[in-house]
Amino acid sequence: MDKQDAIARVEELHRLLNQYNYEYHVLDKPSVPDAEYDRLMQELIALEAQYPELKTKDSPSQRVGGQALDAFVKVQHHMPMLSLANAFNEGDLRDFDRRVRQEVGDVKYVCELKIDGLAVSLRYEDGYFVQGATRGDGLIGEDITENLKTIRSLPLRLKENVTVEVRGEAFMPKKSFEILNQQRSERGEELFANPRNAAAGSLRQLDPKVAASRNLDLFVYGLANAEELGIDSHSEALDYLHELGFKTNPERRVCANIDEVIQFVMSWHEKRAQLPYEIDGMVIKVDSFEQQEQLGATAKSPRWAIAYKFPAEEVVTKLIDIELS
Ligand SMILES: NC(=O)c1cnc(OC2CCCC2)nc1N
């Protein structure tokens, strides 16, 4: 194949592989068999070997591209990553609602599952993933771009060529956690205490190949620069993120008042055991960005959002049957 044809074919392969990856890992609805995906990937790798100048950073072949690092570079967040104040019971939620309505009057809330993983910030420029970082102290995080690229539900290129700063939670599904600890137990290695620690430990690996082996996943839940994109509410921002190709959590609900919030929150206390990932509570946010602006934030946390923490279950320690020698 001559270079001109190769350029066109590589672009088509990027489009196909990104689409099939999106269908499989974001929609969980693959439209082609894995063998077709693998065949196209092999074709791309062969063309990139034949024409190295066609191997770009955003290529689907470069998800596990990075060399092992010596250390993580620090990153200053364009917009600080705030943390959440906590509510522990219905009264705390009603107090939150009262404070909010005193300030801004009638509000709608968006209720989301609180994914128990690691908060990350993702930067995209003209539709391309350019940098990912941990929360750190909220102002300065660690650059874990190469590790985040290994998460298959993280799009390397968006469906629109926009520049966005996105917040999300990287997590390890329960099944992946169990398999990982089973493997570590067989190798006599120290076990991870929970999926959150396993996800954090995986993303802090200096070698992306280790992160790639950990089957991490990602839900995005915030668009930091939504207002400059002319979006008026958090619920619209989440719909837009989904249209861009991100994986958003479908179990969210817009509630008209705190009674609906409380009913929804309590319904998930029991149901969460059936989820394929761990949640440690719910996050309640004022929907309107104008009202969020009016409410503002303290040094640490927004006044327009609160986390409701589920009571910790009594930890039933799973005795690992120890081979009695
Ligand atoms: N772990 C979660 O699922 C989660 C965490 N945080 C937020 O939003 C915070 C972020 C900054 C202000 C509101 N939403 C979430 N869903």
Side-chain angles (χ1 to χ4, degrees), residues 77-87 93 96 99-100 107-123 132-139 141 148 151 153-154 164-174 194-200 203 216-227 231 233-242 246-255 261 264-265 268-269 271-272 275-289 291-310 312:
H77 299 300
H78 289 239
M79 305 166 85
M81 289 181 72
L82 299 170
S83 57
L84 284 161
N86 290 327
L93 288 176
F96 167 70
R99 288 194 301 274
V100 163
V107 286
K108 278 194 299 181
Y109 292 110
V110 180
C111 286
E112 302 168 16
L113 303 184
K114 187 170 183 296
I115 312 302
D116 196 5
L118 188 74
V120 292
S121 178
L122 311 174
R123 182 150 186 76
T134 63
R135 189 178 163 283
D137 64 4
L139 299 174
L148 288 169
I151 300 178
S153 57
L154 182 148
V164 291
E165 183 113 358
V166 173
R167 304 287 151 82
E169 198 86 1
F171 64 95
M172 185 180 290
K174 291 174 182 172
N194 52 53
R196 191 217 161 282
N197 287 6
L203 285 171
L216 296 173
D217 204 337
L218 170 80
F219 281 120
V220 300
Y221 55 66
L223 177 55
N225 63 324
E227 296 189 74
I231 295 170
S233 72
H234 179 63
S235 47
E236 284 170 71
L238 292 175
D239 293 343
Y240 179 61
L241 286 167
H242 181 73
F246 289 106
K247 184 170 180 175
T248 57
N249 192 287
E251 306 297 349
R252 61 179 181 272
R253 177 177 294 178
V254 177
C255 297
V261 166
F264 185 64
V265 163
W268 274 103
H269 188 184
K271 278 194 295 186
R272 65 178 168 151
L275 289 167
Y277 45 83
E278 287 199 348
I279 64 172
D280 61 338
M282 305 292 283
V283 184
I284 297 98
K285 304 170 184 176
V286 168
D287 193 25
S288 148
F289 285 140
Q291 292 180 319
Q292 287 188 10
E293 195 77 28
Q294 280 177 265
L295 286 157
T298 67
K300 259 172 48 64
S301 318
R303 290 194 188 88
W304 44 265
I306 196 161
Y308 176 85
K309 304 282 279 191
F310 291 136

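Counting begins at 1 with the first residue of the sequence. Worth knowing before you read on, the calculation uses all heavy atoms, side chains too, and leaves out hydrogens, waters and symmetry mates. Model, not experiment: these values are computed from the prediction. Ligands are counted one by one from 1 in listed order, and the atoms in each one are counted from 1 as well.
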task: Taking Q292 for its side chain and V286 for its backbone only, find out whether a donor-acceptor pair lies under 3.5 Å.
output: yes
- request: Using non-hydrogen atoms of the residue, decide whether I279 is closer than 4.0 angstrom to ligand 1.
  value: no
- request: Could you tell me the residue and atom name of the protein heavy atom closest to atom 16 (N) of ligand 1, and the distance to it rounded to 0.1 Å?
  value: E112 OE1, 2.9 Å
- prompt: Of the backbone atoms (N, CA, C, O) and the side-chain heavy atoms from C-beta on, which set of K285 has a member under 4.0 Å from an atom of ligand 1: side chain, backbone, both, or neither?
  reply: side chain
field: Part of E169 within contact of ligand 1 (heavy atoms, under 4.0 Å)
entry: side chain
- prompt: What part of L84, side chain, backbone, both or neither, has a heavy atom within less than 4.0 angstrom of ligand 1?
  reply: side chain
- prompt: Charged N to carboxylate O under 4.0 angstrom, E278 versus R196?
  reply: no
query: Does some side-chain heavy atom of R167 sit less than 4.5 Å from a side-chain heavy atom of R135?
result: no
- prompt: Hey, which atoms in ligand 1 end up nearer than 4.0 Å to a heavy atom of L113?
  reply: 3 (O), 16 (N)
query: At their closest point, which heavy atom of L84 faces which heavy atom of S301, and how far apart are they?
result: C-OG, 4.0 Å
task: Answer with yes or no whether M81 contacts ligand 1, where contact means a heavy atom under 4.0 Å from a ligand atom.
output: no
Presence of salt bridge, K309 and D116, under 4.0 angstrom: no
message: Is there a polar contact, in the sense of an N or O pair closer than 3.5 Å, between K114 and ligand 1?
response: no
field: From L113, I115, N249, residue fulfilling side-chain contact (heavy atoms from CB on, under 4.5 Å) relative to L275
entry: L113
query: How about Y277 and F219: are their ring centroids closer than 6.0 Å?
result: yes
field: Numbered atoms and elements of ligand 1 in range of L82, under 4.0 angstrom, heavy atoms
entry: 11 (C)
query: Just going by heavy-atom distances, which of S83, P302, A307, G281 is nearest to atom 12 (C) of ligand 1?
result: P302
- prompt: Do ligand 1 and V283 have nitrogen or oxygen atoms that lie under 3.5 Å from each other?
  reply: no
field: Atom NZ of K108 with >12 non-hydrogen neighbours under 6.0 angstrom
entry: no
field: Nearest-neighbour protein heavy atom for atom 1 (N) of ligand 1, which is reported as residue plus atom name and distance
entry: I115 O, 3.0 Å
- request: Please report which non-hydrogen protein atom sits nearest to atom 4 (C) of ligand 1, along with the residue it belongs to and the distance in Å to one decimal place.
  value: Y221 CE2, 3.5 Å
query: F96 vs Y109 aromatic rings, parallel, tilted or perpendicular, using cut-offs 30° and 60°?
result: tilted
